[in-house]
Amino acid sequence: MTKATSKAKPNPKAGFVARSVTASKTKPRPQLPKTPTGIRGFDEITGGGLPTGRPTLVCGGAGCGKTVFGIAFLVNGVTHFGEPGVLMSFQESAMELTDNVASFGYDLQDLIRRKKLVIDCVCIERSEIEEAGNYDLEGLFIRLGHAIDSIGAKRVVLDSIESLFGALPNQSILRAEISRLFRWLKAKGVTAVITGEPGIEMLTRQGLEEYVSDCVIKLDQRIADQVASRRLRVVKYRGSDHGTNEYPFLIDESGLIVLPITSVTLEHNVSIERVSSGVPRLDAMIGGKGYYKGSSVLVSGTAGTGKSSLAAHFVDAACRRGDRAIYFTFEEPAKQIIRNMRSIGIDLQHWVKKGLLEFHATRPSTHGLEKHLLLMESAINDFIPKVVSVDPLNSFLMGGNQLEVKGMMMRLVNFMKTRGITSVFTSLTSGGAPIERTDIAISSLIDTWILLRDTDYGGERNRTLYVLKSRGMPHSNQIREFLLTDKGIKLSDVYVGAAGVLTGTARLNQEAIDAAAKLLREQEVKRGRDELEGKHRIMEAQIAAMRAEFAVQELASKKVTDVQQAIEMMATKQRQQMSRARGADITPPPGFHAVTTEVNPNE
């Protein structure tokens with residue numbers, strides 16, 4: 001069995017700053033014991049629930065949920081924490097209360113049969129009250145004490161204190177008895193919830209209950225732009241830190257749920273796994289592999305730039321991988337989206353039939369922001385998708401609720417990141433507004449931001465795409481032309497030149513001009529090469545002719561040289577013969593070697 005009493009801990013989720021304490025130097029400080037209410041979100045912002053053994057005042061106007069809060073406190077105490085409770089009502093009968101909360105799944109009759117709950121209805125009429133000198137609430141204490149002791153109750157709800165004391169005109173007696181009631185509840189050691197109605201410039205009509213209560217919770221219901229919403233605020237909490245902001249809360253088929261938007265933490269697992277955007281060229285622009293799994297992606301742009309088409313590609317790619325996906329749409333019905341996406345070659349109906357895709361189409365004005373958030377979380381918890389698309393965010397903007405929408409998106413983004421869901425949000429950029437800005441101002445929550453825009457040139461409008469940011473991965477800084485074809489989205493390189501960035505037919509025309517100019521350049525280069533080759537051949541022929549002429553001349557020169565040498569040798573020989581004949585001592589010319597002939601004397 002779970003213990004109902006818990007120690008309050010500083011809770012950084014609840015909108016206050018937790019102090020860092022070194023355990024080795026500072027002893028742990030004693031904390032106020034707390035009783036969990038079991039109300040989703042409330043125990044989070046109060047650091048554990050209501051103060052154990054002390055009275056808590058829950059005040060607010062009609063229809064804000066005071067009675068539902070008290071009954072939820074009692075029912076959750078029995079079903080989740082094993083603590084019996086007593087409900088003393090001064091306005092409604094037991095049958096009325098049972099019927100009213102049956103739609104929340106609360107079976108009060110079953111708890112009564114199991115002796116886990118006592119409902120005591122006390123009807124007090126003003127005509128039945130006669131003030132005496134020593135008027136007191138002793139009878140009420142006896143009746144309430146018997147109910148507590150009969151089942152060993154740990155929790156008590158009194159609904160409401162105005163019905164108990166509203167008929168007393170004597171303010172001195174009234175204030176004395178209110179103080180006595182609160183002291184009696186503390187003496188019994190029960191954790192009590194007392195409901196009260198607001199007064200003029202005071203939290204309660206009597207103006208005393210909020211001072212003698214250890215914890216005061218104010219509930220409020222308001223209307224903004226014809227949409228109702230409820231808010232909860234912890235006005236005071238003796239002995240404990242707590243969230244001090246206003247928190248939206250809902251009353252739906254499961255009871256009361258508090259949505260502590262400012263309690264969102266930044267603790268969730270991150271993945272290095274990638275998932276495709278469904279457009280190969282876009283994947284190449286963001287690191288070559290797509291988005292990080294579990295990241296948040298924003299696709300923004302003006303009307304007609306293809307935001308929904310890009311989101312549909314992402315959903316289609318997820319279903320092709322076998323992952324489940326949810327498409328939340330707030331402007332178009334599902335059938336219209338399915339029909340429109342067929343024009344670009346995407347058949348989403350196929351995935352719906354296979355059970356991999358769910359559409360949730362709702363008008364933004366149907367519910368308040370808190371209800372929309374709760375419905376989306378409920379759908380995600382039921383279907384357990386890997387991919388979620390929200391199209392578009394701007395639909396929630398009504399009047400001046402920008403901060404409320406941002407708070408809702410903060411909670412939704414955190415909710416999906418903690419579950420590892422990759423989410424794609426589309427946002428419409430108003431005409432004339434800066435394109436690198438969103439109306440909801442959620443860019444800081446986004447991991448990857450893709451911008452789509454129209455460009456006007458040459459009498460036509462063309463779409464372009466670029467990645468403004470993508471955390472944790474290299475990404476392209478180039479602009480791509482964004483084309484919607486019958487086979488899906490195609491990204492093409494834009495023309496960047498002296499005339500700027502060109503797209504569409506201007507790009508095609510300029511590319512044709514560039515191609516013609518390139519062809520002319522290539523022809524000029526080829527003609528120059530041909531001329532050079534001809535001159536080279538002529539040069540080679542001339543060189544060959546000169547070599548042949550040189551060879552002929554060289555041969556003729558050699559012949560002349562040989563004749564001259566022969567003549568010289570013959571002349572030299574004749575001179576030698578003449579010298580011998582005359583017996584003259586003729587000095588031979590340089591280089592001449594005389595041949596000595598030995599003469600035999602016997603001859």
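- Scanning all heavy atoms of the two residues, the minimum distance from E370 to S229 falls at OE1-CB, 3.9 Å.
- Going from atom CZ of R231 over to atom CZ of R222 covers 5.5 Å, rounded to the nearest 0.5 Å.
- With values rounded to the nearest 0.5 angstrom, L373 atom CG is found 13.5 Å from E404 atom CD.
- Taking both residues in full, the closest heavy atoms of N381 and F415 are given as OD1-CZ, 3.5 Å, listed atom of the first, atom of the second, then distance.
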Side-chain donor-acceptor contacts of residues 55-76 below 3.5 Å, not counting sequence neighbours, with atom names and distances?
from, atom 1, to, atom 2, distance (Å)
K66, NZ, G60, O, 3.1
K66, NZ, G61, O, 3.0
T67, OG1, D159, OD2, 2.8
N76, ND2, T37, O, 3.2
N76, ND2, G38, O, 3.3
N76, ND2, A72, O, 3.1

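- Across all non-hydrogen atoms, the minimal contact from S296 to F425 is CB-CE1, 4.3 Å.
- The closest side-chain heavy-atom distance from T195 to I161 is not below 4.5 Å.
- With a 4.5 Å cut-off on side-chain heavy atoms, T46 and V234 count as touching.
- Here the two rings, on Y291 and F314, have centers that are under 6.0 Å apart.
- A side-chain donor-acceptor contact under 3.5 Å links T418 to the backbone of N414.
- Looking only at distances, a side-chain donor or acceptor of T98 sits under 3.5 Å from a matching main-chain atom of A94.
- Atom NZ of K218 sits in a sparse spot, with 12 or fewer heavy atoms from other residues, nucleotides or ligands closer than 6.0 Å.
- Residues L144 and V86 share a closest heavy-atom pair of CD1-CG1, 3.9 Å.
- S213 places no side-chain N or O within 3.5 Å of a backbone atom of V216 that could act as its donor or acceptor partner.
- The minimum heavy-atom distance between Y237 and C215, with the atom names listed, is CD1-SG, 3.7 Å.
- Side-chain atoms of H372 come within 3.5 Å of backbone N or O of P364 as a donor-acceptor pair.
- Here the rule is salt bridge (Lys or Arg N to Asp or Glu O under 4.0 Å) with E273, and of R321, K293, K386 only K293 fits it.
- Ring pair W184/F141 is parallel by interplanar angle, where below 30° counts as parallel and above 60° as perpendicular.
- Contact record, L357 with C319: CB-SG, 4.1 Å, taken as the closest heavy-atom pair.
- When each of L181, V193, V122, L87 is checked for a side chain to side chain contact (heavy atoms under 4.5 Å, CB included) with L158, only L181 meets the rule.
- Using a 4.5 Å heavy-atom threshold, the side chains of T448 and L298 count as separate.
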### D107/R114 under salt bridge (Lys or Arg N to Asp or Glu O under 4.0 Å): CA gap, chis, key distance, verdict
CA-CA 11 Å; D107 190 349; R114 294 193 288 124; over 6 Å; no
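- How far CG of L97 is from CD of Q109: 10.5 Å, rounded to the nearest 0.5 Å.
- Side-chain atoms of I446 and V297, non-hydrogen and from C-beta on, never get closer than 4.5 Å to each other.
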Go through the steps to decide whether D214 and K236 satisfy the test salt bridge (Lys or Arg N to Asp or Glu O under 4.0 Å), and finish with yes or no.
CA-CA 8 Å; D214 290 88; K236 83 171 186 179; over 6 Å; no
Per-pair distances, 0.1 Å, donor-acceptor, side chain in residues 324-337, under 3.5 Å, sequence neighbours excluded:
from, atom 1, to, atom 2, distance (Å)
R324, NH1, F383, O, 2.9
Y327, OH, D391, OD2, 2.9
T329, OG1, E332, N, 3.4
T329, OG1, E332, O, 2.9
E331, OE2, S395, OG, 3.2
E332, OE1, Q336, NE2, 3.0
E332, OE1, N340, ND2, 3.3

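- When each of V157, I119, L140 is paired with M88, the side chain to side chain contact (heavy atoms under 4.5 Å, CB included) condition holds for L140 and for no other.
- Counting only heavy atoms from C-beta outward, the side chains of F81 and R155 approach each other to under 4.5 Å.
- To the nearest 0.5 Å, the span separating CG on L256 from CG on L232 amounts to 7.5 Å.
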Quick one: do L445 and M410 satisfy side chain to side chain contact (heavy atoms under 4.5 Å, CB included)? Show the steps, please. CA-CA 7 Å; L445 306 176; M410 183 185 301; 4.1 Å; yes
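- For T52 and T35, the side-chain atoms include at least one donor-acceptor pair closer than 3.5 Å.
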(request) Output, in order, the C-alpha distance, side-chain angles, deciding distance and verdict of salt bridge (Lys or Arg N to Asp or Glu O under 4.0 Å) for D120 and R143. (result) CA-CA 9 Å; D120 191 0; R143 189 167 178 171; 2.8 Å; yes
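- Annotation: the span from L185 atom CG to R183 atom CZ amounts to 11.0 Å, rounded to 0.5 Å.
- Atom CD1 of I217 sits about 5.0 Å away from atom CG of L50, to the nearest 0.5 Å.
- With 3.5 Å as the limit, one finds a donor-acceptor pair spanning the side chains of K34 and S240.
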